[in-house]
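By convention in this document, chain letters (A, B, ...) are assigned in the order of the sequence lines, proteins followed by strands, and residues within each chain are numbered from 1.
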There are 2 protein chains.
Amino acid sequence: MKRDSRLSGVLHVLLHMAEIDGPATSESLADMMQTNPVVIRRILAGLRNQGLVRSEKGHGGGWRLAKDLESVTLYDIHIALGSPGVLALGHRTEAPGCLIEQAVNNAMGEAFNAAEALLLARFREITLASLSRDFHQRMQVCTGSDHTS
Amino acid sequence: MKRDSRLSGVLHVLLHMAEIDGPATSESLADMMQTNPVVIRRILAGLRNQGLVRSEKGHGGGWRLAKDLESVTLYDIHIALGSPGVLALGHRTEAPGCLIEQAVNNAMGEAFNAAEALLLARFREITLASLSRDFHQRMQVCTGSDHTS
DNA sequence: TTTCATGTAACTTACAGTATTACATGAATT
DNA sequence: AATTCATGTAATACTGTAAGTTACATGAAA
């Protein structure tokens, strides 16, 4: 199953932005991410609607964080990305008439809900600040390392 | 994100097989599932390799359960399907050089592992027998209902 | 020998994330 | 005012995977 890596990607972008003084252009962020500027804009546009980042056009323009690192959790970003489904497994038929399938959906659904709830609960506990702290710790261990990608 | 419904589908098939006296052809199962016989064969072939079902060719041939309903869990079937990934979310880069991405992967990875472990633990607790019992209970409530699809 | 059913390769379809191109919009520089 | 830089966004193509389909080979029972 192909996986959705937008959350992973946008976290990478946001933390790079946190390390930069001043705005970052979608082109420079795309270089770091080894992807296309339009992909960056598309993803960050969603975050802007949730007030997580700001953008400015023209000379000296680009993207900035709009909130304190402490106040943003992975869950907030997940929501800003449109709350994509977190599970790769699903029901064959969502509202089956077959009683067998109803029993199957019911049992699997409980397991799915528990796993999804756990994952989202974990996401709520992880802030951008905690990721940034972890990054700076890795920098200290690996002295002289280049962090710009 | 498109979801993998093979586990859901195969459970449906296996429980129908449990209700049938004698072998079931892939064509009859495909009718119940409103899908193609080849899809059924493809999925059941994996289960046969794990000893969960048996197949016979020719007249009077078809598919049979090879194990007791009590002894087969959703986890066993999940494995027989090739242990597909259960999460729709993933890392952008699996082994990043960037320290920021390493911090991101580490934090997200822990949450992913916890959620996946919980889901698989739940799967280990659900047997075909428990699903069958749930089905027969639904039959009793819904008297006269047709369960063949 | 015919019929029935599995076994399997090859191909097509459907879908969503990702990537790319092209051009419009708007702000700062000159 | 013209140029340059950067975002905004539509349109399109690429990619990987589950699912569906076609075609034919294999083997067992009638």
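Between the CD1 atom of Ile40(A) and the P atom of dA19(C) there is a distance of 9 Å, given to the nearest Å. Between Leu7(B) atom CG and dA19(D) atom P there is a gap of 11 Å when expressed in whole angstrom units. Between the C1' atom of dG20(D) and the CZ atom of Arg6(B) lies a distance of 14 Å, rounded to the nearest Å. As a whole-Å value, the separation of His12(A) NE2 from dT18(C) P is 15 Å. Taking atom CG of residue Asn36(B) and atom C1' of nucleotide dT6(C), one finds them 14 Å apart after rounding to whole Å. Met33(B) has its CE atom 11 Å from the C1' atom of dA19(D), to the nearest Å. If you take CG of Leu89(A) and C1' of dT17(D), they are 14 Å apart, rounded to a whole angstrom. Remark: P of dA6(D) and CG of Asp31(A) are 12 Å apart, rounded to the nearest angstrom.
The side chain to side chain donor-acceptor pair (under 3.5 Å) pairs that include a residue from residues 108-117 of chain A number zero, where partners must be two or more places apart or lie in different chains. Listed by first then second residue, pairs satisfying ring-ring contact (aromatic ring centres under 6.0 Å, His included) with a partner in residues 38-61 of chain B number zero, not counting sequence neighbours.
Note that the CD1 atom of Ile77(B) and the CG atom of Leu11(B) stand 4.5 Å from one another [nearest 0.5 Å]. Going from atom CG of Leu15(A) over to atom SG of Cys98(B) covers 9.0 Å, rounded to the nearest 0.5 Å.
Taking a 4.0 Å limit (strictly below) on heavy-atom distances, residues 22-30 of chain A reaches DNA chain D at Ala24(A), Thr25(A), Ser26(A). Of all the residues in residues 42-65 of chain A, Arg42(A), Lys57(A), Gly58(A), His59(A) reach under 4.0 Å from DNA chain C with at least one non-hydrogen atom.
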Show every donor-acceptor pair shorter than 3.5 Å between a side-chain atom in residues 85-92 of chain A and any protein atom, with sequence neighbours excluded, or say none if there are none.
residue	atom	partner	partner atom	Å
His91(A)	ND1	Asn105(A)	OD1	3.2
Arg92(A)	NE	Glu101(A)	OE2	3.2
Arg92(A)	NH1	Met33(B)	O	2.8
Arg92(A)	NH2	Glu101(A)	OE1	2.8
Arg92(A)	NH2	His12(B)	ND1	3.3

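The side chain of Val38(A) has dA10(D) as its nearest neighbour among dA10(D), dG8(D), dA18(D).
Partners of Asn49(B) by side chain to side chain contact (heavy atoms under 4.5 Å, CB included), not counting sequence neighbours: none found.
In the hydrophobic clustering of this structure, Met32(B) does not group with Val38(B); members are Ile, Leu, Val, Met, Phe, Trp, Tyr whose side-chain heavy atoms approach within less than 4.5 Å, directly or through other members.
Salt-bridge annotation for Arg133(B) and Glu70(B): present, with a side-chain N of the basic residue lying under 4.0 Å from a carboxylate O of the acidic one.
Within 6.0 Å of CZ in Arg48(B) there are more than 12 heavy atoms belonging to other residues, nucleotides or ligands.
Ranked by how close their nearest DNA chain D nucleotide is to the 5' end, Pro37(B) and Arg41(A) are led by Arg41(A).
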